[in-house]
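Below you'll find the structure, written out as structure tokens, and then a few comments.
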Amino acid sequence: MAERRDYVALATELAQKFAERADAHDVDGTFPHENLADLVNTGYSAMTVPAEHGGGGATLEELCKAQQILAGGCASTAFAINMHIHGLAMLAAVAGDQCAWAYRKVVDEGAVIAGGFSEPGVGGNWWHPGTVATPVPGGYRLTGRKSFFTGYPGASLLFLSAVRPDERGVPQPLAFLVPKPEEGVTVSAEWDAAGMRATGSHSLSIDGMFAGDEHLVGGVGNLPLLFMSGVHWAWCSFASVFVGIARAALDHVVAVQRERRLNVLDRTVAHLPGVQFAVADMVTKVAAAEAHLYAAVRADHGNPDPLAHYIDMSLMKTSVCSLAHEVVTLALRVQGGSGLLRKSPLQRFYRDAAAGLLVPPGLDTTYEWAGKQALDIPIFEEPRWAS
Amino acid sequence: MAERRDYVALATELAQKFAERADAHDVDGTFPHENLADLVNTGYSAMTVPAEHGGGGATLEELCKAQQILAGGCASTAFAINMHIHGLAMLAAVAGDQCAWAYRKVVDEGAVIAGGFSEPGVGGNWWHPGTVATPVPGGYRLTGRKSFFTGYPGASLLFLSAVRPDERGVPQPLAFLVPKPEEGVTVSAEWDAAGMRATGSHSLSIDGMFAGDEHLVGGVGNLPLLFMSGVHWAWCSFASVFVGIARAALDHVVAVQRERRLNVLDRTVAHLPGVQFAVADMVTKVAAAEAHLYAAVRADHGNPDPLAHYIDMSLMKTSVCSLAHEVVTLALRVQGGSGLLRKSPLQRFYRDAAAGLLVPPGLDTTYEWAGKQALDIPIFEEPRWAS
Amino acid sequence: MGELSERDRRWAAVMEAARDLAPVFERRSLEHYDEGGFAAENIADLVAAGVTAINVPAALGGIEATLAENVELLKTVAAGCGSTAFALSIHTVITASLRDQTGGPWHEKLMRAVADGAFVIGPFTDESSGSNWTRPSTTARRDGDGFVLDGLKHFATGFDAATHLIVTAAVADGILEPPFDLSAFVVETAAAGDGLRVERPWRGGALTMTGSHSLRLDGLRVDGDAQLFPDGLAPLFVMSRQQWGHYCFAAVFLGLAERAYELAVETTKGRSNTAVRDVGRLPGVQFAIARMRARLATMNALLTAYATEHVEPGEDLLGFVADTCVPKYFVTAEAEAVVSAAFEVIGGSAIRDGSRIAQIWRDVKAGPLLPFTADQAREFIGKQAFGISPIETPRWM
Amino acid sequence: MGELSERDRRWAAVMEAARDLAPVFERRSLEHYDEGGFAAENIADLVAAGVTAINVPAALGGIEATLAENVELLKTVAAGCGSTAFALSIHTVITASLRDQTGGPWHEKLMRAVADGAFVIGPFTDESSGSNWTRPSTTARRDGDGFVLDGLKHFATGFDAATHLIVTAAVADGILEPPFDLSAFVVETAAAGDGLRVERPWRGGALTMTGSHSLRLDGLRVDGDAQLFPDGLAPLFVMSRQQWGHYCFAAVFLGLAERAYELAVETTKGRSNTAVRDVGRLPGVQFAIARMRARLATMNALLTAYATEHVEPGEDLLGFVADTCVPKYFVTAEAEAVVSAAFEVIGGSAIRDGSRIAQIWRDVKAGPLLPFTADQAREFIGKQAFGISPIETPRWM
């Protein structure tokens with residue numbers, strides 16, 4: 001039984017280290033294997049394994065505070081390990097001891113999970129996977145494609161969705177947690193993007209990959225319900241990463257302007273009103289984003305209506321990530337042209353924060369569902385809108 | 001005497017070609033020498049040489065329309081040549097035949113100008129250069145540093161500012177147009193930035209570079225006045241580049257969503273209301289940005305108050321570039337995560353458009369001057385603000 | 001040269017009159033805004049100054065003002081009083097839209113009446129129509145040579161000064177499907193009698209002095225000659241004149257925003273308090289003023305560009321309608337932002353004083369609510385960008 | 001458990017009373033908003049329900065509501081009537097701020113009076129002070145044991161119902177420099193006599209029913225006992241209570257925004273028109289409602305976080321004041337955006353009807369104008385981030 005760790009303190013320590021490596025991984029688009037090793041070796045990666053299975057049993061608040069700080073050092077690393085950390089917490093919540101074998105691997109062998117619920121042609125509608133799971137003796141054969149499979153290069157376990165048509169042909173979504181197999185899955189396109197470049201979010205081609213019955217998480221068809229019930233682990237941890245970027249941008253801007261001098265000024269740039277006002281806006285937006293995030297973290301997550309819970313958490317993510325993006329844009333404005341130079345972390349923050357606008361849940365679907373719910377309009381009724 | 005060219009048609013042709021090369025230069029941060037060669041060989045680079053000196057004598061409107069289209073293909077190339085094109089027009093306006101030698105070099109030899117008015121420690125206050133011009137027999141020796149010297153790798157002529165203390169020690173700003181010398185100027189830092197990566201906007205160290213008396217543009221001390229009087233060439237052409245990016249982002253998003261299908265939809269993505277609304281906002285912002293730009297282009301530029309003229313043009317640039325930035329951010333939102341991938345031009349537009357917020361004129365100074373002018377407060381009075 | 005300059009001289013005189021009247025209207029607004037009622041005195045002044053006659057065709061001796069000129073005029077009047085400018089905009093939009101519809105029996109008569117001081121309005125919002133003018137709940141029943149109109153029309157802006165109403169209705173003979181059953185009629189208010197009455201007098205939260213009553217049409221009989229267009233053509237006509245409504249409405253709210261900016265500047269100049277000797281030297285005030293300037297410059301550029309270059313419908317009528325939404329959508333939203341910022345520069349004392357800025361704050365909110373509303377505009381503009389017809393059904397998924 | 005639950009039971013009863021009163025206040029607002037006047041009946045109802053006594057110290061038998069509870073209460077009241085909630089906020093801020101100032105001769109007397117239904121207000125905006133409460137133009141001249149007060153105070157919100165005023169003034173003896181010459185006095189309105197009169201009755205463009213008159217203090221004599229704090233300490237006291245003012249003001253405007261959102265939802269549900277069978281099925285409406293929800297959730301989270309976690313001033317008093325600006329600045333600006341969006345969902349008919357949303361539109365603009373204004377807030381927050389004192393001079397370059 002591991003002793004109770006202060007994951008926030010650990011994150012603070014690691015963030016400093018990762019910050020020094022962030023630029024190189026960002027420029028080269030390489031996966032930060034050495035960071036992942038540090039996360040495993042320090043026990044950070046066992047944070048959300050249930051305590052009774054030898055893990056840290058971290059709360060959602062501990063997780064988010066730690067991830068927020070880690071993201072300030074290297075957002076890509078934080079986002080890559082986030083799939084693992086929040087995934088474990090969700091698995092513990094929805095599948096419990098069913099995944100005991102995986103918890104053991106994480107604690108004893110340093111296994112790391114990567115997760116894939118995005119697919120080309122699905123457009124953020126993760127509850128409609130296109131990957132097909134065909135029953136075979138002892139399990140399933142999976143065929144399909146996955147995109148944005150964050151953390152893939154460092155993963156030894158894969159957490160992924162698929163669909164199995166039932167006897168009436170109705171697609172039943174389901175999820176698997178499987179040891180990364182030797183065959184049946186290949187990288188079809190390496191991750192090469194403008195932001196979050198060191199997350200190894202590759203595209204995968206899944207061609208007959210085997211998943212055993214014992215690797216099925218929850219039951220057939222109840223993936224959406226399970227995911228919605230546990231979605232606070234996902235969307236809160238996502239948001240914490242982008243708030244972390246925003247706060248790092250604020251801290252950086254403040255530290256630089258306090259010391260910055262221009263030939264034409266008799267005091268530091270911090271004395272310019274335009275700089276003060278922009279920083280005030282940054283401070284205020286960061287405070288608002290953090291408040292919304294942690295209100296969601298501390299909310300009652302036992303909502304008997306999983307869809308309502310999903311909508312509340314989704315609205316939180318959209319607001320928080322939008323504020324975070326505004327903050328990094330303001331940071332660039334305050335710093336000026338030099339903020340765009342490779343040597344400034346602000347330009348990386350600016351690119352990484354853009355991903356916050358784009359990772360699930362999608363803005364339009366969130367708004368559609370939240371609006372319909374408020375107006376008592378059945379969310380899945382067709383036609384979707386007035387004809 | 002060159003025949004009158006249709007520079008907009010030429011830009012359209014070249015933009016298509018440059019678009020194919022844009023990704024590679026962006027990724028590698030290389031300077032697009034072959035694009036520059038095309039611009040010279042097609043006569044595009046002689047666009048603003050006065051007709052009586054064998055150039056195209058293009059109007060500001062022709063220049064901006066052409067540059068807008070060129071920027072849609074490769075914003076870096078457009079911005080790199082923009083220093084040359086608008087610089088020539090300003091020189092013609094403020095120095096006239098004094099620069100005849102340079103016009104000849106442009107027309108006959110394909111010479112290209114790079115310009116440098118930014119310096120470290122000056123923070124956008126271009127009228128306070130720190131580079132010192134010390135009189136020597138036959139000219140001056142220049143010593144100082146320049147940053148953001150856009151287009152330097154392809155330039156054969158340098159247009160740059162310096163300061164010469166007068167007999168009372170009061171600094172007199174002045175400007176030179178000199179053939180790029182063999183010695184006295186070195187690249188102190190190569191351009192490596194998150195946006196506009198292919199502009200070669202190096203930092204320079206100027207160590208005793210010689211500039212002859214004949215290379216002085218205008219008189220000693222009247223650089224600010226000359227620049228303000230001709231500033232429409234600068235700020236309008238800057239704005240045209242960023243509007244060009246915005247329109248390219250809009251065109252790209254529209255073209256892609258018209259064809260894009262998702263497994264879960266029975267029609268193209270273009271039929272989703274959220275997509276339509278976001279595109280409507282993009283259309284509207286592009287229209288507003290273009291309208292403001294071309295209103296400034298067509299305004300009376302003979303304003304007897306150069307400072308008032310400078311302020312109007314500066315407000316235009318801040319509004320237009322801010323709208324352009326909003327458009328590219330919306331474009332990313334519409335496209336979603338795939339817009340962040342290297343293979344999508346949207347992520348390049350997003351990075352390039354950020355530069356629009358950061359290139360001169362600075363937002364805070366523009367607002368300070370515009371506010372003071374409206375309120376009848378002397379713009380250069382000290383203290384600058386209420387104590 | 002001679003005739004042109006005579007025409008331009010007349011136009012300059014109209015603009016000068018409008019500029020002179022704006023401060024007069026502002027003084028009246030400061031006195032009468034809260035009590036509401038109609039700015040009838042203002043309209044009378046506009047009629048007397050020839051302002052209401054600007055869209056009379058040149059062939060009938062009128063100025064035949066361009067759309068850009070109409071925009072300029074409405075901005076000027078709005079600087080004095082939003083209610084007056086909005087009422088005037090209804091009149092200018094109608095008169096400009098109808099002026100080239102020569103041939104109808106009513107055309108010359110109406111235009112000559114306008115030249116002589118007629119004031120024409122049109123309440124186009126029907127009960128339960130949700131501002132979809134193509135689907136009026138008002139009906140026109142054929143009755144011998146004429147029609148009998150029944151319905152409830154809201155926002156009869158300017159009614160108290162109106163000599164003529166343009167009334168839309170669905171022709172209830174089942175021959176044409178909506179929206180082609182839409183028809184439009186001229187009603188002379190003096191001759192309308194009991195068939196036309198104010199059902200509910202205007203008591204608006206904004207534009208309080210427009211007298212935008214709700215009107216009951218109760219068996220109102222009109223001659224066949226009063227029908228403005230042949231059966232089925234009214235919707236096309238309205239669409240092909242959408243630029244007038246959209247740009248003229250936008251002009252009113254831009255004029256209000258410009259005035260809000262001026263008020264912020266005027267209030268700040270020379271202002272001092274116990275803590276600051278010169279409020280204009282506060283950077284927050286300077287930045288706010290500058291941001292307003294920048295926004296106004298963009299709004300003006302956009303509206304001017306549209307009012308001069310996006311005036312001819314061309315082949316693609318629905319595409320044109322979508323395009324005309326652009327400045328209306330942008331300007332009315334931005335106007336709200338400018339007025340809000342101006343209010344903050346002027347500060348809390350403006351709440352105390354029953355000030356002009358507090359009136360403008362109320363008026364400016366009407367901008368995005370007028371048709372096309374922001375949502376309608378975004379739907380039309382977005383669909384047009386994709387080549388999707390905005391009248392195709394189903395509208396979405 | 002026993003005592004706690006008794007206290008919580010009392011608090012729950014207060015909240016229930018407030019929730020019951022909100023719709024009553026809203027009905028009255030619909031009737032009386034335009035004519036202005038003071039919501040005296042509402043305040044009487046709040047007094048009768050014990051709402052005004054929530055900040056009486058526990059030691060004197062009161063509930064001693066927390067700051068977060070005050071915020072919750074004010075939001076609830078604001079949903080019914082912005083004017084009433086704002087007047088109440090002045091009272092709750094003053095009573096909460098003073099309740100732990102035991103020792104002064106006035107303390108127990110005033111708190112007992114509040115328990116018995118007293119209503120305490122404070123006009124803190126002096127003529128020419130530009131909302132800088134540290135630099136009042138009102139003066140206090142020492143006169144024997146007491147003081148004589150002279151000045152003109154604006155925004156005496158709630159005056160018509162006030163039993164007590166808190167009045168600030170600069171002590172005009174030249175001993176202490178501004179802002180330390182600031183002092184505060186309790187004035188019993190019933191005993192004030194001719195020295196206190198309404199110079200100009202309230203006729204506000206927003207919060208019309210607050211009775212925020214301008215008051216003339218004309219040789220008003222008060223006892224030495226009426227001085228709330230020892231010489232020189234008033235500014236520090238006010239700063240160390242800034243959280244109450246900032247969060248309670250923010251609560252009023254958040255309550256208005258929440259009500260605007262509810263009105264948009266209520267109006268849309270089941271709404272149809274000639275073109276759309278169910279307006280709620282329009283995507284633009286759904287998206288607007290959702291955006292409002294998201295914004296309100298952020299505002300609520302921020303204000304709640306501050307009202308529970310940013311309550312103790314700590315060592316760095318100016319830093320604390322800057323920090324308390326954060327939710328006030330954010331919430332009042334966002335509230336305006338939410339109300340604007342709600343108005344657009346409800347649509348043009350809301351302008352016609354003298355509707356609640358049009359009243360909220362007017363009230364919500366007061367938010368950013370109340371101290372600390374948006375500009376003051378940005379200056380304090382920005383300087384604090386850089387470790388620059390907001391009272392250092394010169395303020396900038």
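Computed from a predicted structure; not experimentally measured. Reminder, nothing fancy here: chain letters follow the sequence lines and each chain counts from 1.
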(message) Take a 6.0 Å sphere around CD of D:E177 and say whether it holds more than 12 heavy atoms from other residues, nucleotides or ligands.
(response) no
(request) Indicate the atoms forming the closest heavy-atom contact of D:A358 with C:G205, along with that distance. (result) CB-CA, 4.3 Å
(request) Heavy atoms only: give me the nearest C:I351-D:L369 pair and the separation to one decimal. (result) CD1-CD1, 3.6 Å
(request) Select one option (side chain, backbone, both, neither) describing which atoms of D:R378 are under 4.5 Å from chain C's heavy atoms. (result) side chain
(message) Given heavy-atom pairs under 4.5 angstrom as the criterion, report whether the side chain, backbone, both or neither of D:E336 touches chain C.
(response) side chain
(request) Could you check which of C:V345, C:D375, C:D34 has the highest count of heavy-atom pairs closer than 4.5 Å to chain D? (result) C:D375
(request) Mind ranking C:P283, C:A206, C:S214 by heavy-atom pairs under 4.5 Å with chain D and telling me who comes out on top? (result) C:P283
Non-hydrogen side-chain atoms of [X] and [Y] separated by less than 4.5 Å:
| X | Y | result |
| --- | --- | --- |
| D:R203 | C:R352 | no |
| C:L282 | D:E379 | no |
| D:S340 | C:K365 | yes |
| D:R135 | C:V276 | no |

(message) I'd like to verify something: which residue of D:H154, D:R395, D:Q359, D:R200 has the highest number of heavy-atom pairs under 4.5 Å with chain C?
(response) D:H154
(request) Please determine, among D:W396, D:Y33, D:F287, the option with the most heavy-atom pairs under 4.5 Å with chain C. (result) D:W396
